[in-house]
Amino acid sequence: MNEQIPVLRAVDGGTAKLMPDVDRERAWLLTVDGAPQSYVDLDEPTHLEFEYARRLAHVVDCAAEEDAPLDVLHLGGGALTLARYVAATRPGSRQDVVEVDHGLLALVAEHLPLPADAGITVHAADARAWVESAPPSSADVLIADVFGGSRVPAPLTTLAYARAAQRVLRPTGIYAANLADGAPFTFLRSQLATFAEVFTELALIAEPGVLRGRRFGNAVLLASRAPIDTAALARRTASDAFPARVEHGSALARLVGDAAAVEDAHAVASPEPPDGAFSVG
């Protein structure tokens, strides 16, 4: 095995670090200012290390028949983990990845290059601006995994943004966003209320300890104009190495409660995680 060495580089969003996984020859952990951003195994792109990435992958797996190609728009690039997963599991898919950090994109292109035939196009652009200008009904899946540091930027939390995302999706398309919050879930509830104004179907995937308010953590918000196959998702997430629950229907309505949709004028970023919630050494 060739010994890999860490790579440290200043990028637009801070200091990026690529750390090799000592147990997997061509696998890397990407952090920015100590916050984990991505994990990718170049030899085995279907190997997903992060809990939230596995849950987003379950969404992709349930989005269409097995092996069927999809048109996927990714907001937030990191090391392109989910795009690589889709390319491996659904050959022929057309994917666009939008990442605002030019320096991060250059680092990933240099050290974690994509296969030439991956069908993935990477764009250095602002996520909200891209969604607002993208062609209508052009995506089967829209995955939002955008963090400024460890917080979801305010422009990606609003009713106007939700409407733009809905416009980009096909009628049966699905929106999936990686979010983070803790009790009393003020941010998460506001996001569910916001997307409920635009989409008829909602679901939430999260680890039971997070849903019970025991700890701060990730939650994947799902939204669609078509029925979401929550039963299939629940089977996959429950049997995962990191089990999670799928909330929908009345349970989700109780969580939302009297939360209001977010307008641009009042938008705020997701809460700052408690010390140690996501950081690595």
Side-chain angles (χ1 to χ4, degrees), residues 27 36-41 44-95 97 119-120 139-147 152 165 169-170 172-181 188 191-192 195 199 201-212 215 217-249 251-252 255 278:
Q37 298 292 319
S38 301
Y39 176 99
V40 63
D41 187 331
E44 193 178 345
T46 57
H47 175 78
L48 304 176
E49 194 79 10
F50 291 172
E51 296 177 24
Y52 81 83
R54 297 171 71 92
R55 289 163 195 160
L56 288 169
H58 293 320
V59 175
V60 171
D61 291 343
C62 294
E65 293 297 319
E66 187 175 354
D67 298 330
L70 293 171
D71 292 337
V72 184
L73 173 58
H74 302 260
L75 304 181
L80 314 177
T81 303
L82 262 295
R84 297 173 200 265
Y85 177 88
V86 174
T89 58
R90 296 184 175 277
S93 293
R94 294 182 300 180
Q95 301 187 81
V97 180
I120 300 168
D140 299 304
V141 181
L142 196 169
I143 297 174
D145 184 18
V146 184
F147 283 79
V152 179
L169 285 165
R170 297 189 173 117
T172 58
I174 189 162
Y175 175 86
N178 178 34
L179 306 175
D181 201 3
L188 189 57
Q191 290 308 283
L192 290 164
F195 281 80
F199 294 89
E201 303 289 331
L202 291 181
L204 188 72
I205 309 173
E207 189 263 324
V210 172
L211 290 172
R212 295 188 186 114
R215 67 179 182 88
N218 294 97
V220 173
L221 180 154
L222 304 180
S224 182
R225 285 177 283 172
I228 298 169
D229 192 347
T230 53
L233 271 173
R235 287 192 296 271
R236 287 177 179 269
T237 57
S239 61
D240 193 274
F242 303 102
R245 279 168 46 195
V246 178
E247 296 284 6
H248 60 99
L252 205 56
L255 176 61
F278 294 136

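Residues take their numbers from the sequence shown, with the count starting at 1.
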For the student: nearest non-hydrogen atoms of [X] and [Y], plus distance:
{"X": "Gly173", "Y": "Ser224", "value": "O-OG, 2.7 Å"}
{"X": "Ala206", "Y": "Asn218", "value": "CB-O, 4.0 Å"}
{"X": "Ala53", "Y": "Leu82", "value": "CB-CD2, 3.8 Å"}
{"X": "Ile174", "Y": "Leu169", "value": "O-CD2, 3.6 Å"}
{"X": "Val210", "Y": "Asp181", "value": "CG1-O, 4.3 Å"}
{"X": "Leu70", "Y": "Ser93", "value": "N-OG, 2.9 Å"}

So do Val141 and Val86 actually touch side chain to side chain, heavy atoms under 4.5 Å?
no
Other residues, nucleotides, ligands: >12 heavy atoms within 6.0 Å of Arg170 CZ:
yes
Among all residues two or more places apart in sequence or in another chain, which pass the side chain to side chain donor-acceptor pair (under 3.5 Å) test with Glu247?
Arg245
With sequence neighbours left out, what residues match Arg55 under side chain to side chain donor-acceptor pair (under 3.5 Å)?
Glu51
What residues form a side chain to side chain contact (heavy atoms under 4.5 Å, CB included) with Arg54, not counting sequence neighbours?
Leu48, Asp240, Ala241, Phe242
Residue set satisfying side chain to side chain contact (heavy atoms under 4.5 Å, CB included) with Gln37, at least two apart, ordered chain then number -> Leu30, Val32, Ala35
[Y] backbone acceptor or donor facing [X] side chain under 3.5 Å:
{"X": "Asp140", "Y": "Asp71", "result": "yes"}
{"X": "Asp41", "Y": "His47", "result": "no"}
{"X": "Arg84", "Y": "Ala79", "result": "yes"}
{"X": "Arg90", "Y": "Val60", "result": "yes"}

How long is the straight-line distance from [atom2] of [Y] back to [atom1] of [X], given to the nearest 0.5 Å?
{"X": "Leu204", "Y": "Gln191", "atom1": "CG", "atom2": "CD", "result": "11.0 Å"}
{"X": "Leu142", "Y": "Leu75", "atom1": "CG", "atom2": "CG", "result": "5.0 Å"}
{"X": "Leu73", "Y": "Arg94", "atom1": "CG", "atom2": "CZ", "result": "12.5 Å"}
{"X": "Leu192", "Y": "Leu252", "atom1": "CG", "atom2": "CG", "result": "5.0 Å"}

Quick one: list whatever passes salt bridge (charged side-chain N to carboxylate O under 4.0 Å, His left out) with Asp229, sequence neighbours left out.
none
Just jot down the ring-ring contact (aromatic ring centres under 6.0 Å, His included) partners of Tyr85, sequence neighbours excluded, or say none.
none
Parallel, tilted or perpendicular: which one describes the rings of Phe50 and Tyr39, with boundaries at 30° and 60°?
tilted
Please determine whether side chain to side chain contact (heavy atoms under 4.5 Å, CB included) holds for the pair Leu222 and Tyr175, giving the CA-CA distance in whole Å, both sets of side-chain angles, and the decisive distance to 0.1 Å.
CA-CA 6 Å; Leu222 304 180; Tyr175 175 86; over 6 Å; no
Please evaluate residues Ile228 and Val246 with respect to the criterion side chain to side chain contact (heavy atoms under 4.5 Å, CB included), reporting the C-alpha separation (whole Å), side-chain torsions for both, the decisive distance (0.1 Å), and the verdict.
CA-CA 11 Å; Ile228 298 169; Val246 178; over 6 Å; no
